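One structure is given below, encoded as structure tokens.
This one's a predicted model, so the numbers in the text were calculated from it and none came from an experiment.
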Amino acid sequence: MQHPLELVPAGYRKTFFFTLLALTLILFAVFRVLDQPLRTDAAPNGIVSFELAGTPHQAERMISSWSSRARLNAAFGLGIDYLFMPIYALALASGTLLAVQKHAGCVKSLGALAGYGAFAAVLFDAVENFLLWQVLLGAVESSYPAIAAICASIKFGLLGLGLVVGLVIWVLPKKPMVT
């Protein structure tokens, strides 16, 4: 299986990865600032609590616990997340590409699968954000919180799996290629 970023020239892969990693960390810092007013007793993990609310009651409880500024932060954060999605996906996928370039066979295929998983996570994140936006606009009494929680769980699972796979492959000793 070919990695989704295999076309990135080998000489640019490290620069590509570290640039995307830096952008990812910068956006994480922005999200951290935006998330502070969202951390309440009803939403102890801020926007992540909202993403995983799962029920209309829980979502409403969280929104009610937020000030008007916090609600604006949540809306802005959901919007800026659409910029963040391709950046984190490319960062994770390029990280797995760097990790697998010293391997072959099933290890390389596993890394490629993790790379594709990063892009699949973006699709779930986009759907999740759309649904959460609808909830913020008042569609609390709907199936949106439940579907958003499923999408968020899949997204986090794919990203976590990609990170673990990439790190494990990175530390695996390189096996000599048989020609």
Side-chain angles (χ1 to χ4, degrees), residues 1-35 38 44-54 77-133 144-179:
M1 174 184 289
Q2 186 173 354
H3 193 282
L5 297 179
E6 194 79 35
L7 295 175
V8 175
Y12 294 105
R13 290 178 181 173
K14 280 187 183 178
T15 302
F16 188 64
F17 169 70
F18 284 112
T19 300
L20 290 163
L21 180 62
L23 288 171
T24 298
L25 295 175
I26 289 167
L27 283 168
F28 263 133
V30 169
F31 283 122
R32 189 135 172 94
V33 170
L34 290 173
D35 201 51
L38 302 177
N45 296 310
I47 197 71
V48 173
S49 294
F50 187 51
E51 291 172 354
L52 298 171
L78 290 173
I80 201 169
D81 197 27
Y82 284 100
L83 167 67
F84 186 46
M85 290 176 206
I87 293 171
Y88 74 64
L90 285 166
L92 182 55
S94 64
T96 61
L97 178 63
L98 285 174
V100 300
Q101 68 187 7
K102 63 181 182 173
H103 296 283
C106 66
V107 172
K108 189 168 187 162
S109 293
L110 183 61
L113 195 59
Y116 283 108
F119 294 111
V122 167
L123 299 175
F124 287 100
D125 200 359
V127 171
E128 165 206 320
N129 282 7
F130 173 79
L131 296 172
L132 294 176
W133 181 257
Y144 293 162
I147 299 168
I150 292 166
C151 288
S153 298
I154 294 169
K155 169 193 74 175
F156 289 130
L158 288 169
L159 294 175
L161 185 64
L163 189 59
V164 168
V165 165
L167 290 172
V168 167
I169 292 172
W170 183 262
V171 299
L172 283 176
K174 180 180 176 180
K175 293 191 178 183
M177 290 190 180
V178 178
T179 55

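- Identified under the side-chain hydrogen bond (donor to acceptor under 3.5 Å, both in side chains) test for residues 18-30, with sequence neighbours left out: none.
- Rounded to the nearest 0.5 Å, atoms CD1 (Ile87) and CG (Leu27) are 5.0 Å apart.
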Discussion item. Set out, in order, the CA-CA distance, both residues' side-chain angles and the distance that settles side-chain contact (heavy atoms from CB on, under 4.5 Å) for Leu92 and Leu159, then state yes or no.
Written reply: CA-CA 8 Å; Leu92 182 55; Leu159 294 175; 3.8 Å; yes

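- Judged as a salt bridge (charged side-chain N to carboxylate O under 4.0 Å, His left out), the pairs with a partner in residues 147-171 (not counting sequence neighbours) are, in order, Glu51-Lys155, Asp125-Lys155, Glu128-Lys155.
- The shortest heavy-atom contact between Gly166 and Ala99 is O-CB, 3.5 Å.
- Checked against side-chain contact (heavy atoms from CB on, under 4.5 Å), Tyr116 has the following partners two or more places apart in sequence or in another chain: Met1, Pro4.
- Under the rule for a side-chain contact (heavy atoms from CB on, under 4.5 Å), Ala149 has no partner lying at least two apart in sequence or in another chain.
- The CG atom of Leu132 sits 11.0 Å away from the CD1 atom of Ile147 when rounded to the nearest 0.5 Å.
- Under the side-chain contact (heavy atoms from CB on, under 4.5 Å) criterion, Phe16 pairs with Leu5, Val8, Leu20, Leu90, Ser94, sequence neighbours left out.
- Taking each heavy atom of Ala114 and Gly162 in turn, the nearest pair found is CB-CA, 4.0 Å.
- Heavy atoms only, all atoms of each residue included: Val127 and Cys151 are closest at CG1-SG, 3.7 Å.
- Applying the salt bridge (Lys or Arg N to Asp or Glu O under 4.0 Å) test to Asp35 and every residue at least two apart in sequence or in another chain returns Arg39.
- Surrounding CZ of Phe156 are more than 12 heavy atoms belonging to other residues, nucleotides or ligands, all under 6.0 Å away.
- Pairs of residues two or more places apart, or lying in two chains, that qualify as salt bridge (charged side-chain N to carboxylate O under 4.0 Å, His left out) and include a residue from residues 13-25 are Glu6-Arg13.
- For the residue pair Gly111 and Thr96, the shortest heavy atom distance occurs at O-OG1, 3.6 Å.
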Worksheet entry | Ile47 vs Phe50, side-chain contact (heavy atoms from CB on, under 4.5 Å): CA-CA, chis, key distance, verdict | CA-CA 5 Å; Ile47 197 71; Phe50 187 51; 3.9 Å; yes

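- At least one side-chain heavy atom of Asn129 sits less than 4.5 Å from a side-chain heavy atom of Met85.
- Formation of a donor-acceptor pair under 3.5 Å by the His3 side chain with backbone atoms of Ala93 is found in this model.
- Here the side chain of Lys102 pairs a donor or acceptor atom with the backbone of Trp170 at under 3.5 angstrom.
- Scanning for side-chain contact (heavy atoms from CB on, under 4.5 Å) contacts around Ile150 gives Ile154, with sequence neighbours left out.
- Screening residues 77-102 for ring pair (Phe, Tyr, Trp, His ring centres under 6.0 Å) gives Phe28-Phe84, Phe31-Phe84, Phe84-Tyr88 as the qualifying pairs, with residues at least two apart or on separate chains.
- For residues 161-170, the set of pairs meeting the salt bridge (charged side-chain N to carboxylate O under 4.0 Å, His left out) definition, not counting sequence neighbours, is empty.
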